[in-house]
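Below, read A as the first sequence line, B as the second, and so on, with proteins coming before strands; counting in each chain starts at 1.
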Protein chains: 2
Amino acid sequence: MITMTEIARLTGVSQPTVSRVLNGNTSVNPEVREKVLACAREHHFQPNAMARSLVGSGTKLIGVVLTDISNSFFADLEKYMEQAAREKGYSLILFNSDYDREKEKHCLEVMRRYRVDGLIIVPVLEQDPKFRAEIKELDIPAVSITRQTEHMDCVYIDHAAAGARVAEHLRHIGCENYLFVGTTGDRKYQGFAEKMKESDPDFEQKLTVIETKDSGKIRSILQAHFREHPGKCGIFAYNDRRAVQLHGILQRLGISMPDQAALVGFDNTYTCEYLYPGLSSVSQPNREMAARAVDILIQKIEQPANQECFDNPMQAELVIRESSER
Amino acid sequence: MITMTEIARLTGVSQPTVSRVLNGNTSVNPEVREKVLACAREHHFQPNAMARSLVGSGTKLIGVVLTDISNSFFADLEKYMEQAAREKGYSLILFNSDYDREKEKHCLEVMRRYRVDGLIIVPVLEQDPKFRAEIKELDIPAVSITRQTEHMDCVYIDHAAAGARVAEHLRHIGCENYLFVGTTGDRKYQGFAEKMKESDPDFEQKLTVIETKDSGKIRSILQAHFREHPGKCGIFAYNDRRAVQLHGILQRLGISMPDQAALVGFDNTYTCEYLYPGLSSVSQPNREMAARAVDILIQKIEQPANQECFDNPMQAELVIRESSER
DNA sequence: CTGTTAGCGCATTCAT
DNA sequence: ATGAATGCGCTAACAG
């Protein structure tokens, strides 16, 4: 791979002159300019980003840590982040933490080695003090995406509010009992339950929580549930993947949507509209979230002055389809 | 961020000694060793990968260019590639080409700037001579994944064979006419059509090709098709995303699977088994493909001797579910 | 406008 | 076993 020094030798000028031409900042003699450019083109010169960064201008690298890119929602996010970053001349170095704090820590270390200019992360455990310490140690601009954090910028949707919105909807279409698929530590659940309790003090007796991901077990639970509770059941799943799974199981059990079961998922992945009956789901503005995260980050990278942290809550929207129509 | 020179200053030894300690190659005085290690730990030292690469030991960076990571199949692939790479101390710098040759070219240029040690790519157009030239210019080990290529190592499944396998299956369950969803330039299609023609000279009259991705248009085409052709129709979609879309449309039209329509997708994404009726699909061994691609690449990076290119065709498997059961 | 000089952080000689 | 010197490719003064 050709270097500036080599181009300098070939064209008979000094290396800094080559640098000037190729970076186009200061003015150089037009003839020299052309000669150098021609030579650079001929040899497909590309500046060595490593050397450049070493000298202090940053790496133009953004470290991205996702919990799991095989989740469509995150895959979309990464795609939009890359687009936004590319527009500003940044590239992404991507890691999956697999929801594992140890791996996450390792990702952070590797990113440090590459001296990424900034960091976008979906934290495994945003409140973990160790995580906060690790981020602080990194000492570079960082924004968390998808999760609300207090010690760093964050771009997210208010999961509790979204959960509440789902509660409102399910109550509105007249459900007699409820199923939540996920863990009760989830903000979505908390917002959902809170809202329900507001209008129905007996809510907790009407609720069943399914934590397992095992299709067989879910099937048994559903079967028993619908045998004992004939009334319309509102089902809220913490993500579309689970919701699609439930959708299939309900179909197999011959439980009709939305009459017997009103199902709502989360993330509004493309499958929702293709399914039959169509799957209601909470849509996150992932393109906007990605763009916002990248913008905030790059702004902080390039203007290190303003170093306060901001909360960037964004608006989610419930997309109602056949699976939970009135 | 602390440097070796700084650690050297703090511990009163020379920078090369720090380097020796931290890289653990040559032997150093145990006392010095401990002192240096302690200091490094205390300050959370991480070697500057940029500087290290500059001095000639490579970047430990693998450039990955995918056409579209929002496709679950590729997202899975990337996840497994990252795992495999991490195990060998490499990190991934990821790009999406969006099926756009220009963007792909740009990705290649950026990778060059970062002096990635090697490259794994899903080519937009593997036969394009310009693409081949660009890869050659890069002058680093490169493997193409998912596509067969002649000028570089490749890890892929034989799409034509997989298409033939689907043909066999659909013929076997007794279809009277066929629908292919995708483009006829696709190897899957070619294998499919070839196989069909073997046993049925009239195949071409029995085939309809749907190229559009527009749900409304697909719906019209299907409606017209089933009105005119009452017999059982074998439908082969080039990927699961399209297959899921068709699945929904068929359901909405009240066309039963597998009686009236036997549907087969491609990639065997998780949705397939959750759908009802379950979606038949061709399963690619993506974990193995990813691991193989990474292994081959790293081997070539670390043993530049053997520079021949190898074909690595892998075995796909048709997973039959309700959507195309006999 | 352009060449000289210096230095980024590190690995790698070469001495000692 | 360890320090001194060198150079990777580049940018950033500085002097002409």
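Stacking of Arg101(B) on the aromatic ring of Phe131(B) is not recorded, the 6.0 Å distance cut-off and the 45° axial limit not both being met.
Fit an axis to the five pairs at each end of the helix from dC1(C)-dG16(D) to dT16(C)-dA1(D) and the two axes sit 40° apart, to the nearest 10 degrees.
Looking only at atom types and distance, the side chain of Tyr114(A) has no donor-acceptor partner in the side chain of Asn48(B) under 3.5 Å away. Using a 3.5 Å distance cut-off with no hydrogens or angles, the side chains of Ser144(A) and Thr149(A) do pair a donor with an acceptor. If you check the side chains of Asp267(B) and Thr269(B), you find no donor sitting under 3.5 Å from an acceptor. Side-chain N/O atoms of Arg52(B) and Asn23(B) include a donor and acceptor closer than 3.5 Å.
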Check: protein-nucleotides 13-15 of chain D nitrogen or oxygen pairs below 3.5 Å:
from: dA13(D); atom 1: N6; to: Arg20(A); atom 2: NH2; distance (Å): 3.3

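If you take CD1 of Ile2(A) and P of dG9(D), they are 11 Å apart, rounded to a whole angstrom. Regarding Asn48(A), its CG atom lies at a distance of 14 Å from the C1' atom of dG9(C), rounded to whole Å. Here the P atom of nucleotide dC1(C) and the NZ atom of Lys35(A) are 16 Å apart, to the nearest Å. When the P atom of dT11(D) is taken as reference, atom CE of Met50(B) falls 14 Å away, rounded to whole Å. In this entry the distance linking CG of Leu22(B) with P of dA11(C) reads 8 Å, nearest Å. Per the geometry, CZ belonging to Arg113(A) stands 17 Å off P belonging to dG9(C), to the nearest Å. As rounded to whole Å, 17 Å separates atom P of dA4(D) from atom CE of Met4(B). Note: CG (Asn29(B)) to C1' (dT2(D)) measures 10 Å, nearest angstrom.
The phosphate of dC10(C) has neither OP1 nor OP2 within less than 4.0 Å of any side-chain N or O from Arg52(B). Side-chain N/O atoms of Thr5(B) include none lying less than 4.0 angstrom from OP1 or OP2 on dG9(C). Applying the 4.0 Å criterion to OP1 and OP2 of dG3(C), one finds that Thr17(A) has a side-chain N or O inside that range. For the pair Asn23(A) and dT11(D), the criterion of a side-chain N or O lying under 4.0 Å from OP1 or OP2 is met. Using a 4.0 Å cut-off, no side-chain N or O of Ser19(B) falls inside it from OP1 or OP2 of dC10(C).
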Item to check | Audit row: Ile2(B), Leu10(B), side chain to side chain contact (heavy atoms under 4.5 Å, CB included) steps and yes/no | outcome: CA-CA 11 Å; Ile2(B) 197 166; Leu10(B) 291 172; 4.1 Å; yes
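Comparing Gly12(A) and Ser57(B) by the nucleotide of DNA chain C whose heavy atom lies nearest to each, the residue mapping closer to the 5' end is Gly12(A). Remark on DNA chain D: of its neighbouring residues Val13(B) and Phe45(A), the 5'-side contact belongs to Val13(B), judged by nearest-heavy-atom nucleotide. Between Ala51(A) and Thr26(A), the residue whose closest nucleotide on DNA chain C is further toward the 5' end is Thr26(A). Nearer to the 5' terminus of DNA chain D, by closest-nucleotide assignment, is the contact made by Val28(B) (compared with the other of Gln46(A) and Val28(B)).
At a cut-off of 3.5 angstrom, the base of dA4(D) holds no donor-acceptor pair with the side chain of Gln15(B).
The main-chain N or O of Pro123(A) is found under 3.5 Å from a side-chain atom of Arg147(A) such that the two form a donor-acceptor pair. Of the possible polar contacts, one joining the Asp153(A) side chain to the Phe310(A) backbone as a donor-acceptor pair under 3.5 Å is found. Side chain of Asn286(A) to main chain of Asp76(A): no donor-acceptor pair is present (N/O by atom type, distance under 3.5 Å, no hydrogens or angles).
Taking every heavy atom of both residues into account, Arg132(B) and Gln127(B) meet most closely at CD-O, 4.0 Å.
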